[in-house]
Number of protein chains: 2
Amino acid sequence: MFAARGYSGVSMRHISQAVGISAAALYHHFPDKENLYLEAMAHAFTDKAAGITAALEGSGTSLERLERFVDSFTGLMGDDPDFRALLQRELLDGDEIRLKLVAERVFLGPFQAMTALAEELAPECDPHMLAISMAGLVLFHFETAPVRRFLPGGRPEHNDPKIIARHVTRLLSRAFGDG
Amino acid sequence: MFAARGYSGVSMRHISQAVGISAAALYHHFPDKENLYLEAMAHAFTDKAAGITAALEGSGTSLERLERFVDSFTGLMGDDPDFRALLQRELLDGDEIRLKLVAERVFLGPFQAMTALAEELAPECDPHMLAISMAGLVLFHFETAPVRRFLPGGRPEHNDPKIIARHVTRLLSRAFGDG
DNA sequence: ATACTCTTACTTAACGTTCGTTAATGTTGG
DNA sequence: CCAACATTAACGAACGTTAAGTAAGAGTAT
């Protein structure tokens with residue numbers, strides 16, 4: 001619900017109704033709405049990054065690991081749209097404390113592996129920026145899904161994680177493959 | 001205010017206080033909150049795309065136009081953070097009608113020019129997907145600004161539109177520059 | 001086995017605040 | 001004088017939250 005409607009778009013009564021208990025009963029389990037939200041986020045974000053990091057840290061050439069990363073990342077975003085929405089809402093609404101927490105607890109591991117891969121792929125490039133570019137290249141295709149259908153050339157298959165992965169892999173391979 | 005806090009995070013009384021009139025007076029100018037929001041959006045989105053389209057449709061080689069597009073797009077996002085935030089909020093919260101309206105009124109022009117450029121750059125590539133990739137490559141650097149400072153290698157200059165533009169241009173040139 | 005308490009999980013009812021919105025009423029410049 | 005623009009006051013609904021009470025189960029002494 002937070003993924004779909006945002007923090008202030010979901011009331012305690014909405015949640016209670018969805019769970020099947022009274023609104024007051026929620027306060028038996030969570031001290032207040034903010035803590036409920038934080039625990040929901042912590043639950044949604046737990047173990048999401050493990051697969052990504054594993055794909056990046058496995059064996060193989062840098063191009064093979066790049067392809068595995070893109071496959072793993074697109075797969076994650078395709079499988080869990082709520083995770084992606086929560087993430088992007090947090091980027092818009094999260095205060096300093098929450099963003100720092102998410103950065104350290106969720107992003108740090110995979111991001112370090114991504115920068116390491118970035119340095120292998122393009123040593124003359126800023127690894128931080130290249131890592132961000134790789135992630136954005138994937139994420140934006142999911143982020144724009146609801147509007148792309150109204151843009152010329154938009155087809156349902158463009159929302160298929162496999163198709164997105166192939167496109168992104170090809171693009172990045174062209175840039176860094178024959179380095 | 002809608003860019004910073006979202007639709008349900010801003011009340012009519014908040015707006016009235018910011019404008020310096022009573023909440024009731026707002027209803028002299030707008031029939032209700034939703035229409036006020038829609039007019040605010042329409043205002044924020046007006047003429048935003050003209051510069052992008054111009055950059056894409058000018059003269060020069062495809063690589064030159066690519067560079068001009070990236071410069072123009074990063075400049076726009078750097079100059080008007082509210083526009084970017086509203087755009088991303090709309091992608092999260094916008095219903096079908098609103099998204100279709102934004103797609104046709106704001107995105108269609110530049111997106112068509114982007115797909116045309118994409119076809120020149122990489123005829124064997126899906127132009128729709130490549131256009132999205134070009135946009136995402138730029139936007140994600142702005143979107144992640146608040147969290148990148150907590151990630152390794154993050155430096156303030158990474159938020160500089162010029163630096164972002166140079167990075168993205170180089171990346172895309174590597175992919176499509178040498179045929 | 002019965003009666004007792006204690007804890008856990010829940011209920012209904014209500015608190016005070018804020019929400020979007022409307023009604024009725026000034027104020028004011030052309 | 002009148003249309004435009006503002007005001008104050010209030011409406012009912014929804015908000016987050018709290019208080020007080022209840023039903024069910026576990027553990028334990030009698």
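Residue numbers start from 1 in every chain, and the chains themselves are labelled A, B, ... in the order their sequence lines are given, proteins ahead of strands.
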| task | Under 4.0 Å between any heavy atoms, over every strand shown, what does Val10(B) touch: base, sugar-phosphate, or nothing? Just pick one. | result | sugar-phosphate

| Can you tell me how far C1' of dT18(C) sits from NZ of Lys33(B), to the nearest Å? | 12 Å

| said: Tell me if the NZ atom of Lys100(A) is crowded by more than 12 foreign heavy atoms within 6.0 Å. | reply: no

| request: Examine dC15(D): is either OP1 or OP2 under 4.0 Å from a nitrogen or oxygen in the side chain of Ser11(A)? Give yes or no. | output: yes

| Under-4.0 Å side-chain N/O to phosphate OP1/OP2 contact, Ser22(B) with dT7(D) | yes

| said: Other residues, nucleotides and ligands only: do more than 12 of their heavy atoms fall within 6.0 Å of CD on Glu96(A)? | reply: no

| request: Mark yes or no for whether Arg148(B), through its side chain, and His141(B), through its backbone, hold a donor-acceptor pair below 3.5 Å. | output: yes

| Please give, in whole Å, the distance from dT17(D) C1' to Leu36(A) CG? | 13 Å

| task | Evaluate the side-chain contact (heavy atoms from CB on, under 4.5 Å) criterion for residues Val147(B) and Phe107(A): first the C-alpha distance (whole Å), next the side-chain angles of each, then the deciding distance (0.1 Å), finally the verdict. | result | CA-CA 9 Å; Val147(B) 84; Phe107(A) 298 153; 4.1 Å; yes

| Protein-nucleotide distance (Tyr27(A), atom OH; dA19(D), atom P), rounded to Å | 13 Å

| task | Check the distance between dT21(C)'s C1' and Ile15(B)'s CD1 and give it to me in whole angstrom. | result | 13 Å

I'd like a table of atom pairs between the protein and nucleotides 6-8 of chain C - only N or O on both sides, under 3.5 Å - with the distance next to each one.
none

| said: Under 6.0 Å between ring centres: does that hold for Phe140(B) and Phe140(A)? | reply: no

| query | Can a salt bridge be assigned to the pair Arg155(B) and Asp126(A) using a cut-off of 4.0 Å between side-chain N and carboxylate O? | reply | yes

| query | How long is the line joining CD of Gln17(B) and P of dT7(D), in whole Å? | reply | 12 Å

| task | Using atom CG of Asp32(B) as one end and atom P of dT22(C) as the other, report the distance to the nearest whole Å. | result | 8 Å

| Could you give the CE-to-P distance, from Met12(B) to dT22(C), as a whole number of Å? | 10 Å

| For Thr74(A), all residues meeting side-chain hydrogen bond (donor to acceptor under 3.5 Å, both in side chains), sequence neighbours excluded | none

| Which sits closer to the 5' end of DNA chain C, His29(A) or Arg13(A), going by the nucleotide each is nearest to? | His29(A)

| request: Measure from CZ on Arg5(A) to C1' on dC15(D) and round the result to the nearest Å. | output: 14 Å

